[in-house]
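A short write-up of the structure that comes next.
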Amino acid sequence: MLPSFQRALLALLLPTLLAQGQARKRECPQASNITKPALLRLSDCLLANYSKGVRPVQDWRKPTTVFIDVIVYAILSVDEKNQVLTTYIWYRQCWTDEFLHWNPEDFDNITKLSIPTDSIWVPDILINEFVDVGKSPNIPYVYVQQDGNVQNYKPLQVVTSCSLDIYNFPFDVQNCSLTFTSWLHTIKDINISLWRKPEKVKYDRSVFMNQGEWELLGVLTQFQEFSIEGSECYAEMKFYVVIRRRPLFYAVSLLLPSIFLMVMDIVGFYLPPDSGERVSFKITLLLGYSVFLIIVSDTLPATAIGTPLIGVYFVVCMALLVISLAETIFIVRLVHKQDLQQPVPAWLRRLVLERVAVLLCLGDQANSPRPSATSQATKMDDCAAMGNHCSHLEGPQDFEKTPRGRGSPPPPPREASLAIRGLLQELSTIRHFLEKRDESREVARDWLRVGSVLDRLLFRIYLLAVLAYSITLVTLWSVWQYS
């Protein structure tokens, strides 16, 4: 019988000796067979008794730490309507497989070997935001180093869901996350860590294709643990891909044409208010802007949860064009000449021609010189004098009853007096017509002056509204662009 001390020592050393023997058996079962190439002998040695269905650890209490890394290669598409981001990334992960290690001296100093991915255990790390299977190339091999470190490199076309905010379009910045986590294993079995330092991951644009619509600002990283409904914790690594849209194309194709049409609308106010061409010009601009909106409607991003600010800008521009047309119609109706047009009311004359005109630095329009009618007044006075001189001649008998002095001419014949009366009546009719026409013209001039002052007032209000709106939008877009 062995002493108790020896039995205890044997119980401690026996598992270690058995493990070393098994490891020695796994490391080089075919090391003595030198007829095969070293790579083949090493591959057969590693995969002879390998079980890929079991997590490769000697102690099941020890978690397998998987180091991952992401390098963004290209932004393929951003679907605002479906809230989907398609990217092409270079994905790298490595972990330690305790069942894949060897002594390089036994295999011609081989320190690294590529073996099929399907032959070994691979962690079940997926991206939570996956919504579709991308067209990624299949990489069937992984690298295994002598100490059991497994390196799995593969390119991935990632189609993920992303909450896209298009309010600032085309000066928008999007932040989309790629969350890597084990779908089944908890943090006690598989832990996730970052391969490189966060600073190097953030500013790595070494392979990014920088000629597209989107510009890569950086890739932020965050590690966290989460649990679902009180279950065990899972490890996850988040990569936040921050991208910014290049707005030059949209500024040239969307903003500049709209700005040009609005400038032409402002220039249209310099047409005379009593000219009918202004209304035709405004209607043409409104129709042209409507056609422009139909053309660019496919270019604007569309979502069910929001409208980009540029869409609001187009709607407001359309509303301003409608207001401009309504103002033009009002002014043209105001200054339009009519035969039965009423005179300008006294309160409107004082308000517009005296106060508003002075406020707009147009002078006192109420005291502006009116067209002279001296010639018409002189002719009317002559006709009036002639009518008064002949008004006492009521008939041919008056000429006969009129006393004649010695040497006075004989009275005109009866036919001549009738002709003179008809002539006087015609002159009186012409006089009344001219007076009525001058009054109508003067009323039309007063309405034209009122319409001109109101047109200047409404134009300046419209111009201030357009400038304030434009300055607000430019300020917002500048802040978003350079923030």
| task | Would you check if Tyr50 and Leu100 make a side-chain contact, meaning some heavy-atom pair closer than 4.5 Å? | result | yes
| task | Identify, with sequence neighbours excluded, every residue that meets side chain to side chain donor-acceptor pair (under 3.5 Å) alongside Asn82. | result | Asp79
| note | Between Asp44 and Lys36 the two heavy atoms that sit nearest each other are OD2-NZ, 3.7 Å
| Any sub-3.5 Å donor-acceptor pair from Arg244's side-chain atoms to Phe171's backbone N or O? | no
List, one per line, each side-chain donor-acceptor pair under 3.5 Å for residues 316-330, sequence neighbours excluded.
residue: Ser324; atom: OG; partner: Asp265; partner atom: OD1; Å: 3.1
residue: Ser324; atom: OG; partner: Asp265; partner atom: OD2; Å: 3.4
residue: Ser324; atom: OG; partner: Lys282; partner atom: NZ; Å: 2.7
residue: Thr328; atom: OG1; partner: Ser324; partner atom: O; Å: 2.9

| task | Applying side chain to side chain contact (heavy atoms under 4.5 Å, CB included), run through Gln93 and Trp195 and close with a yes or a no. | result | CA-CA 8 Å; Gln93 63 180 4; Trp195 190 326; 5.6 Å; no
| Among all residues two or more places apart in sequence or in another chain, which pass the disulfide bond (SG atoms under 2.5 Å apart) test with Cys162? | Cys176
| request: List the steps and the verdict of side chain to side chain contact (heavy atoms under 4.5 Å, CB included) for Val158 and Leu178. | output: CA-CA 9 Å; Val158 183; Leu178 302 177; 4.0 Å; yes
| task | List in chain and number order the residues that pass salt bridge (charged side-chain N to carboxylate O under 4.0 Å, His left out) with Glu232, two or more places apart in sequence or in another chain; answer none if no residue qualifies. | result | none
| note | Here the disulfide (SG to SG under 2.5 Å) pairs for residues 100-141, sequence neighbours left out, are none
| said: For Arg55 versus Thr64, what's the shortest heavy-atom pair and its separation? | reply: NH1-OG1, 3.1 Å
| 4.5 Å side-chain heavy-atom contact, Val144 and Asp97 | no
| field | Spacing of CD1 belonging to Ile192 relative to CD belonging to Gln224, to within rounding of 0.5 Å | value | 11.0 Å
| query | What distance separates Leu261 CG from Thr284 OG1, expressed to the nearest 0.5 Å? | reply | 11.5 Å
| field | ring pair (Phe, Tyr, Trp, His ring centres under 6.0 Å) contacts in which one or both residues fall within residues 198-222, not counting sequence neighbours | value | none
| request: Kindly give the heavy-atom pair with the smallest separation between Val70 and Val201, and that separation in Å. | output: O-CG1, 4.2 Å
| Where the side chain of Asp204 meets the backbone of Ser206, is there a donor-acceptor pair that is under 3.5 Å apart? | yes
| task | Sequence neighbours left out, what passes side chain to side chain donor-acceptor pair (under 3.5 Å) with Tyr289? Give chain and number order. | result | Ser258
| message | Aromatic contact between Phe180 and Tyr91, with the criterion being ring centroids under 6.0 Å apart: yes or no? | response | yes
| field | Any Leu254 side-chain heavy atom under 4.5 Å of Phe169 side chain | value | yes
| field | Check against side chain to side chain contact (heavy atoms under 4.5 Å, CB included), Val296 and Ser253 | value | CA-CA 8 Å; Val296 304; Ser253 60; over 6 Å; no
| said: A side-chain contact here means heavy atoms from C-beta on lying under 4.5 Å apart; do Trp121 and Phe99 qualify? | reply: no
| task | Could you check if a side-chain atom of Lys202 sits within less than 4.5 angstrom of a side-chain atom of Val219, using non-hydrogen atoms only? | result | no
| Considering residues, nucleotides and ligands other than Phe130, do more than 12 of their heavy atoms fall under 6.0 Å from its CZ? | yes
| task | Search all heavy atoms of Cys233 against all heavy atoms of Thr186 and return the closest pair with its distance. | result | O-CB, 3.3 Å
| request: Report the distance from atom OG1 of Thr117 to atom NZ of Lys52, rounding to the nearest 0.5 Å. | output: 10.0 Å
| Student check: side-chain heavy atoms of Asn210 and Leu216 closer than 4.5 Å | no
| query | What class does the angle between the rings of Trp90 and Tyr73 fall in, given that below 30° is parallel, 30 to 60° is tilted and above 60° is perpendicular? | reply | parallel
| Does a side-chain heavy-atom distance below 4.5 Å link Tyr88 with Pro155? | yes
| note | Scanning both residues in full, the closest heavy-atom pair of Leu184 with Tyr234 reads O-CE2, 3.4 Å
| Any side chain to side chain donor-acceptor pair (under 3.5 Å) pairs touching residues 135-145, not counting sequence neighbours? | none
| said: Closer than 3.5 angstrom, by distance alone: can the side chain of Trp95 be matched with the main-chain N or O of Ile190 as a donor-acceptor pair? | reply: no
| query | For the side chain of Lys188 and the backbone of Pro63, is there at least one donor-acceptor N/O pair under 3.5 Å apart? | reply | no
| How far apart are the C-alpha atoms of Asp147 and Lys112, what are their side-chain angles, what is the distance that settles it, and do they pass the salt bridge (charged side-chain N to carboxylate O under 4.0 Å, His left out) test? | CA-CA 9 Å; Asp147 56 354; Lys112 186 167 60 174; over 6 Å; no
| query | Taking C-beta and beyond as the side chain, do Pro123 and Val66 meet within less than 4.5 Å on heavy atoms? | reply | yes
| note | With sequence neighbours left out, the residues meeting side chain to side chain donor-acceptor pair (under 3.5 Å) with Ser182 are Asp124
| message | Using modelled atom types and a 3.5 Å cut-off, is there a donor and acceptor pairing between side-chain atoms of Asp59 and backbone atoms of Arg61? | response | yes
| field | Separation of Phe269 CZ from Leu271 CG (nearest 0.5 Å) | value | 10.5 Å
| message | Can you give me the closest heavy-atom contact between Phe107 and Ala38, atom names plus distance? | response | O-CB, 4.0 Å
| said: Considering only residues two or more places apart or on different chains, which pairs with a residue in residues 166-175 satisfy side chain to side chain donor-acceptor pair (under 3.5 Å)? | reply: Asp172-Gln174, Asp172-Arg245
| request: Quick one: list whatever passes side chain to side chain contact (heavy atoms under 4.5 Å, CB included) with Asn128, sequence neighbours left out. | output: Thr179, Thr181, Trp183, Glu236
| task | Can you spot which of Leu85, Thr86, Val159 makes a side chain to side chain contact (heavy atoms under 4.5 Å, CB included) with Ser77? | result | Thr86
| Excluding sequence neighbours, so at least two apart, what forms salt bridge (charged side-chain N to carboxylate O under 4.0 Å, His left out) with Arg92? | Asp69
| message | To the nearest 0.5 Å, what is the distance between CD on Glu215 and CD1 on Ile75? | response | 11.0 Å
| request: Hey, could you give me the CD1/CG distance between Ile115 and Leu39, rounded to the nearest 0.5 Å? | output: 12.0 Å
| task | Check step by step if side chain to side chain contact (heavy atoms under 4.5 Å, CB included) holds for Leu42 and Trp102. | result | CA-CA 8 Å; Leu42 178 59; Trp102 68 91; 3.5 Å; yes
